[in-house]
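Notes follow once the structure below has been shown.
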Amino acid sequence: MSRHAAGSIVVVDWRAGSLPQEPGKLRPAVVVEDHELFPDDYPNVLVVPLTRDEGLAHRSFAERIEPSADNGVATTCWALAHHVTSVSLRRVNLTASRITSEQLSSIRTRIKVAVGSD
């Protein structure tokens, strides 16, 4: 199993085992890990979920994603950097969509701020 490239938009199946206030459905997410840091057989991937709910989009930690031909999103959404998580690759389905390198860089910066390393 090969690693998903950073910036790829995937669909994560969070339906099993979620608790209240956690994702609990199929949800798009952005791969944020550097795929070259992990061996191909490593079972998890680092992602941030995408949401259309602007109420979840804390301005310091959410990257606005506007619809484009490359990202395939239908409406404006936000990448929630403060919700960065590791998820099993068995829950992940790859799409042909991706965000820009500038958006990925911004999300990674927002993750640093959220965890206090910047």
Spacing of [X] atom [atom1] and [Y] atom [atom2] [to the nearest 0.5 Å]:
{"X": "Ile111", "Y": "His83", "atom1": "CD1", "atom2": "NE2", "answer": "12.0 Å"}
{"X": "Lys112", "Y": "Ile107", "atom1": "NZ", "atom2": "CD1", "answer": "13.5 Å"}
{"X": "Arg108", "Y": "Gln103", "atom1": "CZ", "atom2": "CD", "answer": "13.0 Å"}
{"X": "Arg64", "Y": "Ser106", "atom1": "CZ", "atom2": "OG", "answer": "13.0 Å"}
{"X": "Arg52", "Y": "Cys77", "atom1": "CZ", "atom2": "SG", "answer": "9.0 Å"}

Looking at [Y], is its backbone amide N or carbonyl O close enough to the side chain of [X] to form a donor-acceptor pair, meaning the two atoms are under 3.5 Å apart?
{"X": "Thr109", "Y": "Ser105", "value": "yes"}
{"X": "Arg27", "Y": "Leu50", "value": "yes"}
{"X": "Asp34", "Y": "Ala6", "value": "no"}

Requested in this report: Any chance you could lay out the side-chain contact (heavy atoms from CB on, under 4.5 Å) test for Val87 and Trp14, step after step, and finish with the verdict?
Outcome: CA-CA 9 Å; Val87 65; Trp14 270 301; 4.0 Å; yes
Between [X] and [Y], which heavy-atom pair has the shortest distance, and what is it?
{"X": "Thr76", "Y": "Glu66", "answer": "OG1-OE1, 2.7 Å"}
{"X": "Ala29", "Y": "Val12", "answer": "CB-CG2, 3.9 Å"}
{"X": "Asp13", "Y": "Arg91", "answer": "O-NH1, 2.7 Å"}
{"X": "His35", "Y": "His4", "answer": "CB-O, 3.5 Å"}

Are [X] and [Y] grouped together when hydrophobic residues (ILVMFWY) are joined by side-chain heavy atoms under 4.5 angstrom apart?
{"X": "Leu46", "Y": "Leu104", "result": "yes"}
{"X": "Val84", "Y": "Ile99", "result": "yes"}
{"X": "Val48", "Y": "Ile9", "result": "yes"}

**Report entry** Test side-chain contact (heavy atoms from CB on, under 4.5 Å) applied to Thr95 and Val11, step by step
**Finding:** CA-CA 7 Å; Thr95 72; Val11 176; 3.9 Å; yes
With a 3.5 Å cut-off and sequence neighbours excluded, list the donor-acceptor pairs that the side chains of residues 54-61 form with protein atoms.
from  : atom 1 : to    : atom 2 : distance (Å)
Glu54 : OE2    : Arg59 : NH2    : 2.3
His58 : ND1    : Ser60 : N      : 3.2

**Report entry** Close side-chain approach of Pro67 to Val73, heavy-atom, < 4.5 Å
**Finding:** yes
Query raised in the report: Are side-chain heavy atoms of Val31 and Arg98 found at a separation under 4.5 Å?
Result: no
Report task. With side-chain contact (heavy atoms from CB on, under 4.5 Å) as the test, would you mind laying out the steps for Ile65 and Val30 before giving the verdict? Result -> CA-CA 11 Å; Ile65 310 291; Val30 176; 5.9 Å; no
